[in-house]
Amino acid sequence: MMEQGKIGGVQLCMVMYPTIIATAILSLPSMAAEYAGRDMWITPIWAFIAGAASLLIAIQLNKMYPKATVIEYCESILGKVMGKALGFLYLFFYIHVSSLILKEYGNFIIGNFFIKTPMIVIVASFALLCAYTARGGIEVVARTASLVTPFAFILLMSVLILVTPELTPTNMLPMFEHGLMPSIRGSLSIHSWYSEFFIIAFLLPYMHNRDEGMKAGFFTLLAVMITLILVNLGALLLMGEETAHYIYPLIGVARTISVAGFFQHLESLIMVLWVAGTFVKLSMFLYACTLGASQWCGLPRYRIMALPVGLLVVILSQWGQPRLQELDHFFNTAVPYYLLTMQVVVPFLLLLAALMRRAAK
Amino acid sequence: MRVRPMLLKAGGVFVLLVLASCTLSGCWDRIEVNDLATITAVGIDQYSDNLIELSLQIYTPPQGSSISMQGGGSKGSSSQNQSTVISATGINFADAVSKVQEKVPRLLFWGQNEVFVFSHSAAKQDIAGHMDYILRVPQIRGSALVFVSRTKAKDVLALTPQLRSSSADVLEEVSNLKIGLAMSAGNFNIMLSSSKGTAIMPSIEIMPAPEGQPQKRYPAITGCAVFKDSKLAGYIDDNITRGVMWFRNEIDMATATIVTEDQGGIISARLNRGRTRLKPRISNGIWEMTVGIDTREILVQNTSNTDVAELKGTRIVEEGLKQEIEKRMNRTLQIVQKKFEADVFGFAEAFHRKYPKIWNKEKGNWEEIFPHVQVKYDIKTVIVNPGKRTVPTNRMEGEKG
């Protein structure tokens, strides 16, 4: 086996929590508000379905192939040729998603803070760091996450707590004004974010205790849901339906904080927590890409793949026009279906095929 | 031979450290503090029909501060004007900003700006356009306060008031006291967009100078400006503004004074805690709003015969206060609801919340409905204590009320 490291249940939570949350807290409130309006805070609850589905599928597949990652069991299930093809698809998918994360990261940092810095500097230095972490293997990823995640969590919560004096709870009313549909429609993007839970398939084979994986996974899902509800509520109660008109509502939330007239201008906190969260997220994704690529090629070790994969992700993230509008358009139209297909539908079919194969035996 | 690998390793670490230190020198687009022009307030005037004049109040650090520190602090520098006003014209906000930048030898820095002052005509012409720039550019803070000035905004910025270092500081601190209305750019925009262009913004005037110091004139909040269809429609005075704040549940500091004719004297009470609730009702096509007000007051002055230490006397005062509040709110309604026909109270939101179905059918007609909404009051005033004393100071020993 290529990966010698082992992780525990708590470490799994520490990795998975920011892997979902990091990019979600920034732009999701706005996307949810666009369709759901005042019901936007309900959208993370609907999305529980997608999260639980991808989580359960990953766990079931792991039960059947306890020592293998997606790339490996694709082959066991579908045979050599089909398996390699699907494995390649997954590899491409994770590299592409990593590049999207990187692109979003670059856009956010440049759009709000480092306006004149060239995108490539910000993106490449960050990717280098994450690739280096990924090169260290699962234990390094998990340990840096254990270091960074509690810190980011505390920052996020303190922002939400400090802003409470400015909130208007009545902004939530009336609930379900136009029935359930707007909130369900608004949850589409969040569904796709939650489906990223499928990346747990790269972690489960390396758990100390596989029963913990299930528990830790669902605990993280719950934590993610509650966090997203709180973030959405913060934006909604502060700005009402105006939330939909801001690209990064959370920045506005942080900017409103003013405690005792001097404890203010806290938007840098958002940047810190976002960079910290995205660091864990991208490290995890790059680790998945690195490990996946080496498994797909049948290499004896994966460390050598980390930097090339990182380079590929950086280059991919620079493709296309440097327009935020373009990225937003992609996120609003194609991404939900793209992510849900690759992380819920295809895994589900894989699971079915595996079950049939077992039944045939 | 274990020395060579160790040396190599140490050398590698050293090279890495040197390389890393290159990146630690700072961000790519960092700018030294003394290359920045810190904006403390922004004024927008209408220069001509299609030109605006943008004035920036820029903080100027005292010159030669290092010398005065050595000399034990010279008194002259503290009274010196600490800010300058620079202005330029342009066809819109963004254009004017770029023109000001041409005149300033430092880079404009928006991070500390807490005040926007719109002149009467600028607010009348294109408030939505200005708000767009303010809320779109990432460097500008949406939590900055907004004001309408009845005089030229540039003049307001140029004031050098007493007690505070700049006119921006005065406006910011007065707003923090929450005596009058305080409105941030972000909240103003939320109000504007959620009620189709109806909103309020505190208005300011320049107060005359204290005697003997003609240069010490200062700005003060004297009421507020009412916007309809995103255009300045008119002003309401301080009293009416406070009525509006009662409706909006924003009242924080208030002293009500009642003249009791039958008791022969004047009684004042200060608001300790107040809360307003709007309870909408639609029945038989009649839109009705009950304004429920709960207040806790503390007696601060009593020159009447009413014995405020007794329950009976307290009840009389409470009843008087209740009528006083109701009178004020009725006057507010007369002007804001009947004259301006501008829903700045949040009635629309209240109806929307309680009757979402009817609201969605009728929201297009809200302009016609609002002036005819019947308003009822349900006011409860409680005087929680009579202050430090029981009987008035003019009551003689042994005298009976």
| task | Mind checking the CE-CZ spacing from A:M172 to B:R353? Nearest 0.5 Å is all I need. | result | 11.0 Å
| said: With a 6.0 Å cut-off (strictly less than), is the heavy-atom count around CD1 of A:I247, excluding the residue itself, greater than 12? | reply: no
| request: Check each atom of A:T170 against the heavy atoms of chain B and say whether the ones under 4.5 Å are side chain, backbone, both or neither. | output: both
| Is the count of non-hydrogen atoms from other residues, nucleotides or ligands lying under 6.0 Å from A:I120 atom CD1 greater than 12? | yes
| task | Might you point out which heavy atoms bring B:P138 and A:G111 nearest each other, and give the distance in Å? | result | CG-O, 3.3 Å
| Residues, nucleotides or ligands: over 12 heavy atoms within 6.0 Å of B:Y218 OH | no
| request: With a 4.5 Å cut-off on heavy-atom pairs, point out which of B:R141, B:K357, B:R136 contacts chain A the most. | output: B:R141
| Has A:Y132 got more than 12 heavy atoms of other residues, nucleotides or ligands less than 6.0 Å from its OH? | no
| field | Gap between atom OG of B:S193 and atom CE of A:M239 - 0.5 Å precision | value | 11.5 Å
| remark: CG (B:N249) and OG1 (A:T168) are apart, to the nearest 0.5 Å, by 10.5 Å
| query | Tell me, do B:L192 and A:E242 make a side-chain contact under 4.5 Å, heavy atoms counted? | reply | no
| query | Hey, what do you get for CD1 (B:I190) to CG (A:N171), rounding to the nearest 0.5 Å? | reply | 8.0 Å
| note | Under 4.5 Å to a heavy atom of chain B? For A:Y248 that would be neither
| task | Check whether more than 12 heavy atoms from other residues, nucleotides or ligands sit under 6.0 Å from atom CZ of A:F176, and answer yes or no. | result | yes
| task | Taking atom CH2 of A:W46 as the centre, report whether more than 12 heavy atoms of other residues, nucleotides or ligands fall under 6.0 Å from it. | result | no
| query | Considering only heavy atoms, which portion of A:L238 lies under 4.5 Å from any heavy atom of chain B: side chain, backbone, both, or neither? | reply | backbone
| note | When rounded to the nearest 0.5 Å, the distance separating CD of B:Q139 from CD1 of A:I115 is 3.5 Å
